[in-house]
Amino acid sequence: MKPPAPDSPGREHRLSLVETIDALVADGLVPAATAEQFKQERRYFRGDIHPLIAIADQKWKFTPAPGSAPRILDMEALTQWLARWAGLAYFHIDPLKVNFSAVTELMSSAYATRFRVLPVEVKSHEVVVATSEPFERAWEEELKPILRKKISRVISNPVDIARYQVEFYNLAKSVKRALVSGDAGGVSGVSNFEQLVELGKGNRTLDANDQHIVHIVDWLWQYAFEQRASDIHIEPRRDLGIVRFRIDGVLHQVYQIPMQVLNAMTSRIKILGRMDVVEKRRPQDGRIKTRTPEGQEVELRLSTLPTAFGEKLVMRIFDPEVLVRDTRDLGFSDEDNARWEQMTAQANGIILVTGPTGSGKTTTLYTTLKKLATPEVNVCTIEDPIEMVEPSFNQVQVQPAVDMGFAEGIRALMRQDPDIIMVGEIRDAETADMAIQAALTGHLVLSSLHTNDAPSAITRLLDLGVPAYLLNSTILGVMAQRLVRTLCPHCKKSGGLRAEDEAQWNQLVAPWKSSKPAQFYHPVGCLECRMTGFLGRIGIYEILLLSPEVKQLINSSADLAQIRDKATRDGMKPLRISGALKIAAGLTTIDEVIKIAPPA
C-alpha cells in the first residue's frame, strides 16, 4: 500500500490508526483478521495517542525476511517501517549526540509539542528535524523563512520525541533561568587568570543551591546512570564548560554549558560531597551516595583539580552490585580462577594486582575481599581514598594531614588482630616494607601496584629497595589485568578468516603459538549498544605464581626477560594470549586487545 503524497492538495493530516493498520496489512506485517479485530476493539481510539504506540502495545510478531526468526513488532520496528512507508529517513535519537542548547534555540517548546517534532541536528546550511507525523508539513513551511536554512525531515520514535522534548527544553530553560538569577558584581569566585582578565567587565556568580542548578545536577546524574557511564567529567574551558561521560572506557562529550552555570554546578556537587567550596586552589576528594530513578543505590567518588580555567571535577560512579558477582563474571577463565583461588586460599603472604588506572583492579580486589570476609575472618583495608564503603570489612582512610599514610596505617592495623589486610597501593619503600612485615607475621596482604605486566612487579619492588630474599619469602603471586570492550551480543556479526584478520592475529600472538579461530566476530551497531557495536567490558588477566624455579631467578640483579620466560613456561598466559582467547570465544576484537596489550 502506497502512502498518500504528503505534498498533494488536501492531504495534510495526522496519521490515523485505521490508515496505519491498513498499511501494515498491505505490507504483510499484520494479518487482515487480526487487524479487523483490533479496529473493532479500538473504535473509540483517542486521537492524542500516536497510532504506533497503540499498535506496539499489542506485541504482535512478524517475520522480517523469509526464513528469518519472528520478531516482535515493537516501537523501533514500527518506526523503521513508517520511515520506509513514508519515503523518509529513519533517525534514532541518541541524546549523547544532540546539542540540546543549539536545537532548542530553533523553535519554542510549545511549537515543538504542538506538531510532535524535535530538532536533532543543526548544520551550517541545514536543520534536521525529527517527526512522527510524515503527513504534517505546515510547520515546515512556517519555519523555512525564519530559519533561512534547508529543513530535512526524518522519522523518529514518537515516544523518544515526546520524552526528549521535555528533557531538552526543561534543561535549556534551567540553564537560561540560572543565568538570569545570577547576581552581578560578585568576585569571590575568582580562581584563575582568565577570570581576572574579565574583572573589568563585571563578573556573575550563581547560587549553588538555586533550584535551576539543583535540577541540572539531578538531571546530569540521572542521565549518566541511564547511559551506563562509569565517570562524569565536568571540565572548564575558556568560554564554555564541557560535560563528558566515559562509557565502556571511551569518553563522549555530552553537552556544553556556560561557565557561570558550570561553576555553580561544581559548587553544588562539592557541597553535597562535604568538600570545601571556597578552596579552589588545591585538589580535593569527596563522595556522595545517591539512588538511581529505579531505587538502586549508587556511590559517586569525587575528585577536583585546579586547572587554567577553573576547577575540573570528575565523578567516578560505583555500582555496589558489581561486588556480588563471581570472579568468572569479571572475565576469569577456569584456569585463571583456579590460579587466583590457589593464591587467595593461603593463610599468609602478599598478592599483588597490577595495571593502569581504570583497569578494574579495585573491582577485582573488592570482589575477592567480599568473598573472603566471612564472620570468622577479620578483614581490614587501608585506602586512599576509600573507593566504596563495604560493611563486610573494616576500612581506613589515609590522612596525610595527620601523618596517617599507608605505612602508618598498616602498622596500626597490625595491632587490630587482622587476618587479611588490603593496602590500596604500594607507592614507596616504607609501604612495601610494612606490607612485607605484615606478611611475615602471618597475615594475608592484598595490594595494587602500577606496572605494565605481572613480572615487572618483581623488578619494581627490587627497585624500591626490597631485598630479594624477602620477596621470595612473602610474594605468593602477581596478577596483571586490563579491561577490553565486549562485542554487543545483539548485533555482532561473524565472518570468515580475512587476510587482514590473519595477519593481525599472527602479530598479536607472536612469539607464542596459538591456533587461529575458525571465524572472527566484528562490531555492527544496534540500539542496544547505541550503534557502537560494543556493550560492556570484560577483564583479561596475566597471573604469575612464584614457583621455586621463578624464585631462583629473583635476586639483586634479576633479569626481567628471564623471569617472564620462565613464568610463561610454568603456565602464565601473557595478557595478549589471554586477550586472544577472548577473541576466539567471540567476546571481543583484535583491535580492542591490541589497544590495551600492543604486540611486542
Side-chain angles (χ1 to χ4, degrees), residues 95-105 122 167-184 186-199 201-224 227 229-247 251-273 275-284 286 288 300 302-317:
L96 288 180
K97 297 177 181 177
V98 177
N99 184 345
F100 81 92
S101 57
V103 300
T104 52
E105 291 291 333
V122 182
E167 290 193 6
F168 291 168
Y169 281 98
N170 281 353
L171 193 60
K173 286 177 185 175
S174 292
V175 171
K176 288 179 182 178
R177 289 171 180 171
L179 287 171
V180 170
S181 65
D183 297 323
V187 296
S188 61
V190 173
S191 61
N192 63 74
F193 176 75
E194 298 291 327
Q195 287 176 323
L196 288 171
V197 173
E198 296 293 328
L199 279 179
K201 302 177 183 179
N203 191 32
R204 296 168 66 86
T205 58
L206 301 180
D207 183 1
N209 294 315
D210 182 277
Q211 60 175 336
H212 306 301
I213 298 298
V214 171
H215 172 254
I216 295 169
V217 172
D218 289 348
W219 185 85
L220 175 70
W221 287 342
Q222 178 183 336
Y223 193 21
Q227 298 297 324
S230 60
D231 301 85
I232 305 171
H233 291 240
I234 298 180
E235 304 174 352
R237 295 288 190 266
R238 185 185 302 274
D239 301 314
L240 285 170
I242 294 175
V243 177
R244 297 196 289 174
F245 291 167
R246 187 178 294 279
I247 303 171
L251 278 171
H252 301 264
Q253 183 169 315
V254 180
Y255 47 75
Q256 297 177 339
I257 288 182
M259 278 301 299
Q260 300 99 312
V261 176
L262 190 94
N263 290 335
M265 288 172 60
T266 301
S267 296
R268 165 73 180 167
I269 294 167
K270 287 174 69 176
I271 290 171
L272 295 174
M275 301 160 74
D276 188 345
V277 181
V278 177
E279 180 57 74
K280 301 175 186 293
R281 298 167 298 174
R282 62 179 177 85
Q284 295 186 65
I288 298 171
L300 305 173
L302 315 179
S303 173
T304 65
L305 181 71
T307 68
F309 302 111
E311 273 190 302
K312 179 180 186 292
L313 173 65
V314 174
M315 292 172 274
R316 176 158 288 186
I317 301 172

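Only this structure's heavy atoms are used, side chains among them; waters, hydrogens and symmetry mates stay out.
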What distance do [X] atom [atom1] and [Y] atom [atom2] have between them, rounded to the nearest 0.5 Å?
| X | Y | atom1 | atom2 | answer |
| --- | --- | --- | --- | --- |
| Ile232 | Leu302 | CD1 | CG | 9.5 Å |
| Arg238 | Phe309 | CZ | CZ | 4.5 Å |
| Gln284 | Leu305 | CD | CG | 11.5 Å |
| Ile234 | Leu313 | CD1 | CG | 5.0 Å |
| Leu300 | Trp221 | CG | CH2 | 6.0 Å |
| Thr304 | Met275 | OG1 | CE | 4.0 Å |

Going by the rule side chain to side chain donor-acceptor pair (under 3.5 Å), which residues pair with [X] if we only count those two or more places apart in sequence or in a different chain?
| X | value |
| --- | --- |
| Gln211 | none |
| Ser230 | none |
| Glu279 | Arg281 |

For a quick test of reading the model, state the closest non-hydrogen atom pair linking [X] to [Y] and the distance between them.
| X | Y | value |
| --- | --- | --- |
| Pro283 | Pro306 | N-CD, 3.9 Å |
| Asp276 | Val278 | OD1-N, 3.1 Å |
| Pro258 | Val175 | CD-CG1, 3.8 Å |
| Val217 | Ile269 | CG1-CG1, 3.9 Å |
| Ile247 | Ala229 | CG1-CA, 4.0 Å |
| Ile216 | Ser174 | CG1-CB, 3.7 Å |

For this session: Under the side-chain contact (heavy atoms from CB on, under 4.5 Å) rule, collect the residues that match up with Ser267, sequence neighbours excluded.
Result: Ala208, Val277, Lys280

Any heavy-atom pair between the side chains of [Y] and [X] that's under 4.5 Å?
| X | Y | answer |
| --- | --- | --- |
| Val214 | Arg268 | yes |
| Lys270 | Glu311 | yes |
| Phe245 | Leu220 | yes |
| Asn170 | Trp219 | no |
| Pro236 | Lys312 | yes |

Which donor-acceptor pairs under 3.5 Å do side chains of residues 96-105 form with protein atoms, sequence neighbours excluded?
from, atom 1, to, atom 2, distance (Å)
Asn99, OD1, Ser101, N, 3.4
Asn99, OD1, Ser101, OG, 2.8
Asn99, OD1, Ala102, N, 3.4
Thr104, OG1, Phe100, O, 2.7
Thr104, OG1, Ser101, O, 3.4
Glu105, OE2, Lys176, NZ, 3.3

Problem set entry | Partners passing salt bridge (Lys or Arg N to Asp or Glu O under 4.0 Å) against Arg316 (at least two apart in sequence or in another chain) | Asp231

Problem set entry | N/O donor-acceptor pair under 3.5 Å between Tyr223 side chain and Val254 backbone | no

